[in-house]
Amino acid sequence: MAPLSFPLSSLLKLKDCAQKANIFCNVLQGLHHRPLRSRLWKRNFGAVAHGVGQLLSHQPRGKSYAASVCSSSSDGQDMTDRLWSVYNETKKQTEDLLPVISTNSVNPNTIFANNEMSLRDIEIYGFDYDYTLAFYSRHLHTLIFDIARDILITNLRYPEGLRNYEYIPDFAVRGLHYDVQKALLMKIDAFHYIQLGTVYRGLHPVPDEEVIAMYEGSHVPLEIMSDFYGKSSHGHTMKQFMDIFSLPEMTLLSCVNDFFMRHNIDYEPVHLYKDVKEAIRDVHVKGIMYRAKFICYGEQSHAVLKKLSEHGKKMFLITNSPFDFVDRGMHYIVGKDWMDLFDVVIVQADKPGFFNDRRKPFRRVTDKGALLWDRIHKLEKGKIYKQGNLYEFLRLTGWRGSKVLYFGDHIYSDLADLTLKHGWRTGAIIPELRKEIKIMNTEEYMHMMAWLQALTGLIEQMQVHRDPASQAVVNEWIREREAMRSQTKDIFNGQFGSLFRTYHNPTYFSRRLSRFADIYMASISCLLNYDFQHTFFPRRTPLQHESPFWPEHSPAVGFVGLTLLQKTCEMFSHMLE
């Protein structure tokens, strides 16, 4: 990611905070074995004076500050008072460090790396269209919801009362799972555990006790999870919603479930799921939404395409959308000569089948939409092609391996097969990233994370005191921590929280993102911040058994490694909810 310097004012504050950080290091020492996986924070905090670095990185690790306070107290002092004394001191030290921590915000226009990749190796750039080159206002989601709802009523004889339901823009987030048989929408983490408090039946949360009873805990067995592409099939009862267009589908499912429950209608959840799925499919496949007016914007896509063209890069477009829809949007974003920028244009590709099915040949389409019957022997610039398959695409173009970088918003349909089977480099466009980073940059969130992490370390250390009085205090801290975790969830989305975190763990969505995308960013416009010699490096974060004090890549830091402040800020970036 782009180098981001550490402000001079922060270096001065760091010197003043050195002693406080020394104490705080001991407070958080119990957390030293936890991996710091977030890549959403600044790459470099700059060089720190050698003496200060030594002070902060050579603290004794055998005994924590909290433990020393308790053990050094006189035997006559009440244990409860001692614990609250440690609590208050920890909180004070946390607050003293906040001015330094608050200076380290994240640039929302940064490109984040899961895998090392150099742009100097990339010769060919490929793009999806929807939510990659073109973005839409929420009016389009409202339109999809309304049309699909009316299809249910008109074509499938669903109750007329469903017309009273309107699209709820902030109800769902991407990456959620839906239990088709139980009619439950939920968020699941990378280890297949349900995040309690995020399970919804209709528009209302399901109590944790009921969820635990239904699943005999909070773990979802692998055999009922969705298939590789997130679909519910072949015995899988879970469906994962991975693309942005799925937001109105999740909301419609929840609204219909809500209506049936409110009116005590006995219904089969499997039928409801399939009917809603077919209604949404009709909106897309039959082109109903493509005939409607929508607001389209390009996030500087034109500037990105122009920059690539000026540097002699080859470009292609592979999208599931029909040509007339793409043509209207690209006219708006780029201009009437938009096809001059692309060496190959493929529409209605039927991804992910396009990447796996060798049977479908390419077919030429005129700019009026007429299909031609001639056999395709080469893919020509300025021509429009429909369907086809990747194997034929590779044969006709010779564009193979890691010299190709393809961008898309759907982690499964756009990226998974390309990286696993064909060795292309992949870039994920995650529009929600910008909003989440802006939330993370707020003073409220940083302060909340700082205290939440410090409190977690305090609980971890002081739980060793098993007498009733001590346990009562620690349990009160645990309740405070649980309340704060709910607050940090709600700050992103009141129902389901962050797209990337389930409390301390990555979400199932986040784990798939890290596996199938070499780089990810909020929009394609982020490429404008980098030249074509830039190399993206992922952060080397420690494994569970490794020390978190890794040396920085910058020679200026030398052997001193990560300072305590860097470690602390990494902790706060862990996006606990």
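One is the number of the first residue; the rest follow in order along the sequence.
- Atoms OG1 and CG, on T251 and D258 in that order, are 12.0 Å from each other to the nearest 0.5 Å.
- In terms of the ring-ring contact (aromatic ring centres under 6.0 Å, His included) criterion, residue partners of F260 (sequence neighbours excluded) are, by chain and number, Y158, Y267.
- Salt-bridge formation is detected for the pair R174/E432: a Lys NZ or Arg NE/NH1/NH2 atom is positioned less than 4.0 Å from an Asp or Glu carboxylate oxygen.
- A salt bridge links E210 with R201: the distance from a Lys NZ or Arg NE/NH1/NH2 to an Asp or Glu carboxylate oxygen falls below 4.0 Å.
- Within 6.0 Å of the NZ atom in K274, the count of heavy atoms belonging to other residues, nucleotides or ligands does not exceed 12.
- In this model, no donor atom of one side chain and acceptor atom of the other lie less than 3.5 Å apart for T507 and D189.
- The aromatic rings of W338 and F342 stand perpendicular to each other, their planes meeting at an angle above 60°, with 30° marking the opposite boundary.
- Ion pair R479/E482 not flagged as a salt bridge, since none of the NZ, NE, NH1 or NH2 atoms sits closer than 4.0 Å to an Asp/Glu carboxylate oxygen.
- A salt bridge does not link K239 to D179: none of the charged side-chain nitrogens sits closer than 4.0 Å to a carboxylate oxygen.
- Side chains of N356 and D417: a donor-acceptor N/O pair is present below 3.5 angstrom, by distance only.
- F135 has its side chain out of reach of D130: every pair of non-hydrogen atoms, C-beta onward, lies at least 4.5 Å apart.
- In this structure, K182 satisfies the cation-pi test against Y215, with its NZ or CZ atom closer than 6.0 Å to the six-membered ring centre and inside 45 degrees of the ring normal.
- A donor and an acceptor atom, one from each side chain of Y508 and R512, are located under 3.5 Å apart.
- Using cut-offs of 30° and 60° on the angle between ring planes, the pair F407 and Y125 is parallel.
- Among Y391, W399, Y406, the single residue meeting the ring pair (Phe, Tyr, Trp, His ring centres under 6.0 Å) criterion with H422 is Y391.
- No cation-pi contact links R501 to F492, judged by a cut-off of 6.0 Å to the six-membered ring centre and 45° from its axis.
- Going from atom OH of Y131 over to atom CG of D409 covers 8.5 Å, rounded to the nearest 0.5 Å.
- Heavy-atom neighbours of E268 CD from other residues, nucleotides or ligands within 6.0 Å: above the threshold of 12.
- Cation-pi contact between R163 and Y165: absent, since separation from the ring centre below 6.0 Å together with deviation from the ring axis within 45° is not met.
- Look at D357 and K360 and you find no salt bridge, because none of the NZ, NE, NH1 or NH2 atoms lies under 4.0 Å from a carboxylate O.
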Let's go through Y200 and M186 carefully: what are the C-alpha distance in whole Å and the side-chain angles of both, what is the deciding distance for side-chain contact (heavy atoms from CB on, under 4.5 Å) to 0.1 Å, and is it a yes or a no?
CA-CA 6 Å; Y200 275 70; M186 67 191 74; over 6 Å; no
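- Residues satisfying the ring-ring contact (aromatic ring centres under 6.0 Å, His included) test with Y178, not counting sequence neighbours, are Y273.
- Counting only N and O atoms by type, the side chains of H331 and D327 include a donor and acceptor under 3.5 Å apart.
- Relative ring orientation between Y385 and F362 is described as perpendicular, the plane-to-plane angle rising above 60° on a 0-90° scale split at 30° and 60°.
- Taking a cutoff of 4.0 Å between a charged side-chain nitrogen and a carboxylate oxygen, R138 and D170 qualify as a salt bridge.
- Between the side chains of R511 and N505, no donor-acceptor pair of N or O atoms lies under 3.5 Å.
- In summary, the side chains of S498 and E436 do present a donor paired with an acceptor at a separation below 3.5 Å, with no hydrogens or angles considered.
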